[in-house]
**Student:** 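This structure is in structure tokens; I'll ask about it shortly.
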Amino acid sequence: MGDLPSYRVQPAPVFAHTGVDFAGPFHIKSHTGLRKAVITKGYVCLFVCMSTRAIHVEVVSNLTTEAFLAALKRFIGRRGLVIKIYSDNATNFVGSQTELEQLAKLFAEEQHARKVNEFCCSKGIDWSFIPPRSPHFGGIWEAGVKSVKFHLKRIVGSRNLTFEELTTVMVQIEAQLNSRPLTQCSDDPNDLTAITPAHFIIGREMQCIPEPSYINLKESTLSRWQLLQAMQQQFWKRWTSEYLPELQNRQKWFKVTKIRLGALVLIIEPNTPPMYWQLGRITALHPGQDNVIRVVTLRTMKGECKRAVTEICLLPLDGD
């Protein structure tokens with residue numbers, strides 16, 4: 001495992017360096033009072049600060065360039081101008097979630113890329129993609145959103161919420177995530193406070209309005225507002241039970257594998273047909289600042305591609 005990038009450890013305004021990810025789809029209905037309300041798909045766009053781990057959530061009504069740029073403008077208008085944005089490569093959406101194929105198509109469209117580049121260039125924002133099929137390169141935002149995506153889909157489930165209701169739930173969940181403790185405030189043994197992402201956003205801890213617990217009540221007996229509160233209370237209960245074990249130190253990737261040019265490797269591809277082995281030759285090495293190789297360029301029967309070293313298997317050679 002390599003050292004943290006410079007933008008992770010150097011002081012910078014909150015959300016100056018931001019990672020972006022998506023969750024969804026969720027069902028959104030046009031009105032609560034109509035028996036046959038129109039049901040559409042909605043998505044959640046999550047922005048994660050790379051240095052403070054603060055999270056900002058925007059609900060997107062559809063997967064179009066205009067809707068994505070509108071969410072990006074709302075984020076910049078409320079959190080300030082961004083220096084650089086980091087996101088998954090479009091192929092990661094196809095490989096991990098087939099339900100986000102629309103998102104992959106959107107990011108692959110030349111017109112979408114042109115409009116996003118024009119907007120970012122006008123604001124002085126750089127956009128950086130991680131290597132294809134290498135989600136661990138975006139570990140900072142993956143760690144921040146995996147619990148959101150995992151638990152949110154199980155809490156919302158098949159419920160049809162309006163755009164305002166889904167936005168309300170997401171803002172409350174955003175506040176819960178930004179209230180998590182990061183580190184101690186001081187070495188004073190009498191100081192029982194901790195620094196949270198909210199301190200970097202609003203300068204103090206997040207506070208919530210006291211509400212009675214609705215978790216153990218039947219859903220049919222709850223009003224729409226009580227149902228929304230029950231959903232965010234369920235999220236808090238499930239997320240905290242998963243967040244606490246993550247505070248324990250984990251150690252991995254200590255072994256360095258020797259990689260050389262021209263080596264024949266087996267490429268790890270999901271959903272391959274039986275007896276199909278994707279092979280490639282290493283044509284270029286891309287070492288990091290610590291001279292550790294984590295990304296390589298491969299020549300395959302279909303052309304050249306980049307892969308992380310965790311997505312390839314070196315074939316055994318005589319004498320090695």
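Because the structure is predicted, anything quoted here is derived from the model rather than measured. Sequential numbering from 1 along the given sequence is applied to the chain's residues.
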**Student:** Counting distance only, does the side-chain N/O of T52 pair as donor-acceptor with the main-chain N or O of C49 below 3.5 Å?
**Tutor:** no
**Student:** Do K41 and F26 have side chains that get closer than 4.5 Å, going by heavy atoms?
**Tutor:**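 A side-chain contact is absent here, since even the closest heavy-atom pair is not under 4.5 Å.
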**Student:** Kindly assign one of parallel, tilted or perpendicular to the pair F75 and F47, based on the angle between their ring planes and the thresholds 30° and 60°.
**Tutor:** parallel
**Student:** When L298 is tested against each of L264, T283, I312 for side chain to side chain contact (heavy atoms under 4.5 Å, CB included), which residue passes?
**Tutor:** I312
**Student:** Can you find a pair of side-chain heavy atoms, one from V265 and one from L279, that are under 4.5 Å apart?
**Tutor:**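 In short, these two side chains do not touch, never coming nearer than 4.5 Å.
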**Student:** With a 4.5 Å heavy-atom cut-off, do V309 and L314 have their side chains touching?
**Tutor:**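 Side chain of V309 against side chain of L314, heavy atoms only: no contact under 4.5 Å found.
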**Student:** Just so I know, are the side chains of R294 and T310 near enough to count as touching, which here means a heavy-atom distance under 4.5 Å?
**Tutor:**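 Not in contact.
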**Student:** Can you tell me which residue among L166, V171, T168 is in a side chain to side chain contact (heavy atoms under 4.5 Å, CB included) with V59?
**Tutor:**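 Exactly one pass, corresponding to L166.
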**Student:** So, does E165 use its side chain to make a donor-acceptor pair with the main chain of T162 at under 3.5 Å?
**Tutor:**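 It does hold such a pair.
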**Student:** Mark yes or no for whether E311, through its side chain, and A308, through its backbone, hold a donor-acceptor pair below 3.5 Å.
**Tutor:**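 No, the answer is negative, given that no donor and acceptor are paired below the 3.5 Å cut-off.
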**Student:** Looking at every heavy atom in both N178 and P197, which two are closest together, and how far apart are they?
**Tutor:**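 Nearest pair, atom of N178 first, then P197: O-CD, 3.4 Å.
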**Student:** Would you tell me whether H286 and T297 have side-chain atoms, one donor and one acceptor, within less than 3.5 Å of each other?
**Tutor:**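 The criterion, which ignores hydrogens and geometry beyond distance, is satisfied for T297 and H286.
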**Student:** Okay, side chain of R299, backbone of R281: is any donor-acceptor separation there less than 3.5 Å?
**Tutor:** no
**Student:** Is L285 close to L261 at the side-chain level, that is, under 4.5 Å between some pair of heavy atoms?
**Tutor:**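 Yes - at least one pair of side-chain heavy atoms lies under 4.5 Å apart.
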